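None of these values were measured; they are calculated from a predicted model. Hydrogens, waters and symmetry mates play no part in the numbers below; they use all other heavy atoms, side chains included.
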Amino acid sequence: MTHARDERTALCDLLDRLGPDAPTLCAGWNTYDLAAHLALRERRPDAMPGIALKPLAGYTASVQSGLKARHPYPELVSMIRRPGGVYGLAPFLDEAVNTLELFVHHEDVRRAQPSWEPRDLPADLDRVVWKRVSSGARLMLRRSPVGVVLHRLGGGVALGGPRQGPRVEVTGPAAELLMFCFGRQEHARVELTGDPAAIARLREARLGI
């Protein structure tokens, strides 16, 4: 088993347990919508560009709605359990591309439920998460209005945002820094230090890939 497969299995188990109408941290999406999004990513490459490009977002949304119309929720979850498309043919791509995607969406479901608590990650997964955060900080924080210094508890520093102007220090475990950088600022258990106005701007910024 790889980290991507572990997260995939845990996420699907949670989706099955909660059903199609549970909330997620993805604005406007319940668990049915999230399941359709994940199926689209792997099985409808023609619709993937619209995930990131606004001019194509309408087509992506229509494909996602079509997946919901054609597939009952349990069927979509079953589809997600097995890596699809190129990820099913090349497990190393599943690990390289989907580990963080599945981790974040797993947390999107977990953290939208009452009384959630952070997970204690295995040391090797924690290292993988931090490696991806530290290497991708510039990309994930490119829209930050202020400079950001990420401090990983246990060691490690990464920079993002503008190189000039005020900076905010963000401290926490690797997983919490990942959620923060992916635009889940309100639901990441991190400590922010710096100018209060800069902190407020960072909290409201649209972060992520």
Just so I know, are the side chains of [X] and [Y] near enough to count as touching, which here means a heavy-atom distance under 4.5 Å?
X    : Y    : result
T2   : F92  : no
L150 : V157 : no
C12  : H106 : no
F182 : L207 : no
D21  : T31  : no
L34  : N30  : no

Rounded distance [0.5 Å steps], [atom1] in [X] versus [atom2] in [Y]:
X    : Y    : atom1 : atom2 : value
L202 : L141 : CG    : CG    : 7.5 Å
L25  : W116 : CG    : CH2   : 8.5 Å
T171 : L177 : OG1   : CG    : 7.5 Å
M79  : L76  : CE    : CG    : 6.0 Å
L11  : R81  : CG    : CZ    : 9.0 Å
L121 : F103 : CG    : CZ    : 4.5 Å

Can [Y] be reached from [X] by stepping across I, L, V, M, F, W or Y side chains whose heavy atoms are under 4.5 Å apart?
X    : Y    : value
L139 : V168 : yes
L67  : I51  : yes
L56  : V63  : no
M48  : L53  : no
L100 : V190 : yes

Tell me if a side-chain donor or acceptor on [X] pairs with a main-chain N or O of [Y] at a distance below 3.5 Å.
X    : Y    : answer
T9   : D6   : no
T24  : V109 : no
R132 : A96  : yes
Q185 : A205 : yes
R82  : S78  : yes

Closest heavy-atom pair and its distance - [X], [Y]:
X    : Y    : answer
Y32  : H71  : OH-O, 2.6 Å
T193 : I199 : C-CD1, 3.9 Å
Y73  : L15  : OH-O, 2.7 Å
L192 : R203 : CD1-NH2, 3.9 Å
G161 : S144 : CA-CB, 4.2 Å
Q64  : L40  : N-CD1, 3.8 Å

Between H105 and D108, a side-chain donor and acceptor under 3.5 Å: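 Present: a donor and an acceptor within the cut-off.
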Return yes if a side-chain donor-acceptor contact under 3.5 Å exists between E7 and N98, otherwise no.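 On atom types as modelled, these side chains do not qualify, holding no pair under 3.5 Å.
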Can you establish whether the number of heavy atoms outside [X] located under 6.0 Å from its atom [atom1] is more than 12?
X    : atom1 : result
E75  : CD    : yes
R138 : CZ    : yes
Q113 : CD    : yes
D124 : CG    : yes

Show me the pairs that pass side-chain hydrogen bond (donor to acceptor under 3.5 Å, both in side chains) and involve residues 152-169, at least two apart or across chains.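 Checked against side-chain hydrogen bond (donor to acceptor under 3.5 Å, both in side chains) - neighbours excluded - the pairs reaching residues 152-169 are D126-R152, H151-E169.
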Where at least one partner belongs to residues 93-107, residue pairs that pass salt bridge (charged side-chain N to carboxylate O under 4.0 Å, His left out), sequence neighbours excluded: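 Sorted result for residues 93-107: R8-D94, R41-E101, E107-R110, E107-R111, E107-R119.
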